[in-house]
Amino acid sequence: MNKKIIIRTLEKIAVYMEIKGENPFKVSAFRKAAQALELDQRSLDEIENVTKLKGIGKGTGEVIADLIATGKSSVLEELQEEVPKGLIPLLKLPGMGGKKIAKLYKELGIDSAEALKQACLDHEIQKLPGFGPKSEDKILKELTDFESKPGRHPIWKTEEAVKFVEEILGAIEGISEFSVAGSYRRTKETSKDLDFIIATSDPKTVKEKLLAALPVQETIASGDTKVSVTVEFQDMIDIDFRLVAPEEFITALHHFTGSKDHNVRMRQLAKSQNKKISEYGVEQPDGSIATFTSEADFYAHFGMPFIPPSVREDGREIDRLEELPNLVALEDITADMHMHTTWSDGAHSLPEMVEAVRSKGYSYMAITDHSQYLKVANGLTPERLLQQNAEIRELNKKYSDFDILSGTEMDILPDGSLDFDDEVLGQLDFVIASIHSSFQQPRDQIMERILTAMKNPLVDMIAHPTGRIVGQRDGYDPDVEQLLDWAKEYGKIVELNASPYRLDLAVEYLEMAQEKGVPVAINTDAHAAEQLEVMAIGVKHAQKAWLKKDNVVNTWPLERLRAFIKK
DNA sequence: GCCGTTTTCGGCCCGACTGTTTTCAGTCG
């Protein structure tokens, strides 16, 4: 029995129970059991007794035993007989929960999206107690929108929307402080919507000005402290604004940064100290409300170190506080080892890029323009590469406190060969190998290509190892575990490409790399000087995988890197 | 359904907004 199947089954049971109108705590018990299983790193065989896990007891334990023994769950099968299948997707409609769906089924016999739509058109819905004309209109609208609305937005899209909103907020008088919150602040690679916290003592005026300044397509909710709108900025995107008093800003920011699981853990912790956390402050045992001037103070109030937003995810971060000081941070970064200049497809010249990197306070860098195969990117022939190499060596003489590594981002060709021969590669300081073509090849062939690069002792790093674009394409689907095993065997670095388009490797693979002891380089792959800034995003993405400073090669001094790549 | 070094029963994170009511249930994050 596959662990994933058990997790899905428990979640499915929760969904059916929700529609059946079961006790909400019972429903959440099944969700918690699924989560307990998911968060446990061990495989099913390695877990001796599942009921020993916190959150799994007699009832959920029996479901799991049933699944292992028979491959099926009698609990789920019974639920499926009682609850029509067509009701399940209705839970995804905004504003629809188990209770409303159950009522529609019981009172009107509605058992599918089609039946629901017809009932709206026949004006049957508004006759039900608890429903009215507005509910009917809303359901009909949500049913129509359901197909067309985009799901989650990739970070490279939300990034621009965030900047746009920040500009608007910065120009509104009466706002003392504001910040983006939510999954974007936690550097999740995709977000369902955007959240902003606004501190003001005049919420009414600020709200009016804000709504006037935004390209609002639809107002979802508009209360005294909370405004939810759909805004048309490139795509349609939902944005929540919370307006709070200035002294409440930090607790509100923490609350709406989440994650939900992180907040639950924090509230439980507060409760054990006879305190109560809400977005407005921390209620003390004597009833007074404490507020804070920084999130660090907020955590310190509970005797905890500051927990960066990037690691506030499944709640387990609260159990890993002693690891926080070793997490890689932006201040630890000493180098950027993947970037392009006007020699290939970059926007800035070699000296311009060098100056830009130096001004970031790093101590070394690598210039890695594309290789000849990539004609669309003006890839360098061996002649041009060696000419650039000479120029870099000359430029290096200018700096006593800074080193420029002469490198290349060399293509691994579709036929599995490398774009430069060893004689050329041997003259370089840092060699990156990348796949930019023939993504559709079968996995075996892709892996063969990667293996060629791995086996070449002159190759130092594999860049953007899966070729994915966040929210847009999956890449060339390598067997990442195998890739990492090879990297370990052949002493290669794997890249965390910090571009928000890529964030490649993804978090789960970075965790795997660290576990296997494969060093990671966080690189910007900058094609222009301003793109060097994405290092900050890359570092936060690395934090999500709990990468330690020592595992990240571009926190190392140059000598240690040289020793590792044997150059 | 799960949990317990104040508990084997009585809680389970907490508050806002909407649409329906005429004081509140349902949903959401």
Side-chain angles (χ1 to χ4, degrees), chain A residues 10 13-14 17-36 50-64 75 90-104 125-139 142 181-186 191-197 203 207 219-229 238-244 248 251-252 254-283 289 312 315 318:
Chain A
L10 289 167
I13 290 172
M17 283 180 166
E18 205 172 350
I19 293 179
K20 217 190 128 196
E22 279 283 7
N23 174 354
F25 294 111
K26 186 173 169 181
V27 175
S28 101
F30 276 84
R31 295 219 162 92
K32 276 182 193 157
Q35 204 189 18
V50 283
T51 58
K52 287 238 168 73
L53 291 182
K54 197 168 144 64
I56 299 180
K58 193 166 163 286
T60 48
E62 271 170 20
V63 170
I64 296 169
V75 174
L90 300 185
L91 268 178
K92 290 218 174 73
L93 293 174
M96 292 293 272
K99 294 200 171 144
K100 283 190 186 173
I101 292 171
K103 197 172 204 176
L104 290 168
I125 306 291
Q126 53 174 296
K127 293 178 193 159
L128 279 183
F131 290 79
K134 281 193 175 173
S135 307
E136 194 173 273
D137 288 348
K138 186 167 191 291
I139 292 171
E142 296 296 352
S183 55
Y184 180 86
R185 183 160 180 255
R186 302 199 312 275
S191 297
K192 192 163 81 58
D193 56 15
L194 292 177
D195 301 275
F196 286 89
I197 311 302
K207 180 180 148 183
T219 305
I220 302 159
S222 179
D224 295 336
T225 67
K226 180 184 167 183
V227 184
S228 294
V229 289
D238 290 347
I239 310 182
D240 284 352
F241 296 95
R242 306 292 299 221
L243 300 110
V244 298
E248 296 161 349
T251 40
H254 175 266
H255 177 88
F256 291 104
T257 296
S259 69
K260 201 175 148 87
D261 289 334
H262 177 81
N263 287 352
V264 168
R265 283 295 303 269
M266 286 303 295
R267 281 166 185 219
Q268 287 167 342
L269 189 95
K271 210 169 168 179
S272 73
Q273 301 179 4
N274 283 319
K275 295 168 184 166
K276 199 166 80 176
I277 299 177
S278 82
E279 51 262 58
Y280 303 114
V282 179
E283 192 182 316
I289 307 286
R312 301 177 199 167
I318 311 260

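The sequence lines fix the lettering, A, B, ..., with proteins before strands; numbering per chain opens at 1.
- Within the 4.5 Å cutoff, the side chain of A:H255 has no heavy atoms near those of the A:E248 side chain.
- For B:dT5 and B:dG1, the C1' atoms lie 24 Å apart once the distance is rounded to whole Å.
- Counting any heavy atom pair closer than 4.0 Å across all strands shown, A:K260 reaches a base atom.
- Taking atom P on both nucleotides, B:dC2 is separated from B:dT6 by 24 Å, rounded to a whole Å.
- Within the nucleic acid shown, A:E22 has no heavy atom closer than 4.0 Å to any nucleic acid atom.
- No donor-acceptor pair closer than 3.5 Å links the side chain of A:S28 to the backbone N or O of A:R31.
- If A:G95 and A:D224 are placed on DNA chain B by their nearest nucleotide, the residue sitting closer to the 5' end is A:D224.
- With hydrogens and angles disregarded, no donor-acceptor distance shorter than 3.5 Å links the side chain of A:Q126 to the backbone of A:E136.
- Classification of B:dT5 as anti follows from a glycosidic angle more than 90° from 0.
- Interface limits on DNA chain B: the 5'-most and 3'-most nucleotides within less than 4.0 Å of chain A heavy atoms are B:dG1 to B:dG29.
- Counting only distance, with no hydrogens or angles, the side chain of A:R185 and the backbone of A:T257 share no donor-acceptor pair below 3.5 Å.
- Counting any heavy atom pair closer than 4.0 Å across all strands shown, A:K103 reaches no nucleic acid atom.
- Within the 4.0 angstrom heavy-atom criterion, only backbone atoms of the sugar-phosphate kind lie near A:S222; the bases stay farther away.
- If you check every strand for non-hydrogen atoms under 4.0 Å, A:F131 touches sugar and phosphate atoms only.
- Counting non-hydrogen atoms under 4.0 angstrom, A:D193 reaches nothing in the nucleic acid.
- For the P atoms, the distance from B:dC14 to B:dC9 is 24 Å, rounded to whole Å.
- Residue-level contact check: A:M96 touches the backbone only, with heavy atoms under 4.0 Å from sugar-phosphate atoms and none from bases.
- Of the possible polar contacts, none joining the A:R312 side chain to the A:R186 backbone as a donor-acceptor pair under 3.5 Å is found.
- When heavy atoms are screened at a 4.0 angstrom cut-off, A:K138 is found touching no nucleic acid atom at all.
- Inter-residue side-chain proximity for A:K100 and A:F131 is flagged as met; some heavy-atom pair is nearer than 4.5 Å.
- Among the atoms of the strands shown, only primed sugar atoms or phosphate atoms (P, OP1, OP2) are found under 4.0 Å from some heavy atom of A:G98.
- Using a 4.0 Å heavy-atom distance criterion, A:L269 is classed as making no nucleic acid contact.
- With C1' as the reference atom, B:dC3 and B:dT8 are 10 Å apart, rounded to whole Å.
- In this structure, A:K271 reaches the sugar-phosphate backbone alone: every heavy-atom distance under 4.0 Å involves primed, P, OP1 or OP2 atoms, never a base.
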From CA spacing to verdict: side chain to side chain contact (heavy atoms under 4.5 Å, CB included), A:I318, A:M266
CA-CA 8 Å; A:I318 311 260; A:M266 286 303 295; 3.6 Å; yes

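- Nucleotide B:dG10 has B:dC3 as its partner under the Watson-Crick or G-U criteria, with both atom distances under 3.5 Å.
- For the C1' atom pair drawn from B:dT20 and B:dA25, the interatomic distance equals 9 Å after rounding to whole Å.
- As rounded to the nearest Å, B:dC13 and B:dT21 have P atoms that lie 31 Å from one another.
- Formation of a donor-acceptor pair under 3.5 Å by the A:K207 side chain with backbone atoms of A:G223 is found in this model.
- Here the separation of B:dG10 from B:dG15, taken at their P atoms, is 24 Å to the nearest Å.
- When heavy atoms are screened at a 4.0 angstrom cut-off, A:L93 is found touching the sugar-phosphate backbone but no base atom.
- Both A:P129 and A:K54 lie near DNA chain B, and the one whose nearest nucleotide falls closer to the 5' end is A:K54.
- A salt bridge is absent between A:E279 and A:K226: the closest approach of a Lys/Arg side-chain nitrogen to an acidic carboxylate oxygen does not fall below 4.0 angstrom.
- When the C1' atom is used for both B:dC28 and B:dT22, the distance is 24 Å, rounded to whole Å.
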